[in-house]
Structures are given as C-alpha cells and as structure tokens.
Asks: 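This is the structure I want to talk about, given as structure tokens.
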Amino acid sequence: MAKHYVALKDEVGRISIKQYNQEIEAAMERIDAGEFYTHEQVVEMSKNWLSGR
C-alpha cells in the first residue's frame, strides 16, 4: 500500500497555489449545487463494492 502511494505521489507531482485554489472553488461549487454523497450514502454504496453488484 505504501509503495502504491509513493508511486502515485511521484506521478501526480505538485500543483500551484492558483490551481489548488481553483480546484477548491470548483469543488465548493459542486457542493453548493448538491453534487455530493452523504456518509450514509457512501456506506450503502460501499456494501456493493466487494460483492460486485
């Protein structure tokens, strides 16, 4: 698991503060538009991940 994280970290690289702020703003807009899952919804969704449903 740790090796996967390190490999992924190296692939992604760093982003600028400007890009970071743009991504945060876009995420906040999606949240304001109701485009998100609640914890309860994710728990229910995750029950199907291993069973392949």
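What you are looking at is a predicted structure, and each value in this text was computed from that prediction instead of being measured.
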Asks: Can you check whether E29 reaches E25 side chain to side chain, under 4.5 Å on heavy atoms?
Replies: yes

Asks: Write down the atom of Y37, the atom of Q41, and the distance for their closest heavy-atom approach.
Replies: CA-OE1, 3.2 Å

Asks: Just how far is it from atom CD of E44 to atom NE2 of H39, taken to the nearest 0.5 Å?
Replies: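 It comes to 11.0 Å.
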
Asks: Would you say M28 has more than 12 foreign heavy atoms packed within less than 6.0 Å of its CE?
Replies: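 Open: at most 12 neighbouring heavy atoms sit under 6.0 Å from CE of M28.
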
Asks: When you look at CD1 of I24, are more than 12 heavy atoms from neighbouring residues, nucleotides or ligands closer to it than 6.0 Å?
Replies: yes

Asks: Run E23 and Q19 through side-chain contact (heavy atoms from CB on, under 4.5 Å) and show every step you take.
Replies: CA-CA 6 Å; E23 291 180 15; Q19 181 180 349; 2.8 Å; yes

Asks: Would you give the length of the straight line joining atom OH of Y20 to atom CD1 of I15, rounded to the nearest 0.5 angstrom?
Replies: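 These two atoms lie 8.0 Å from each other.
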
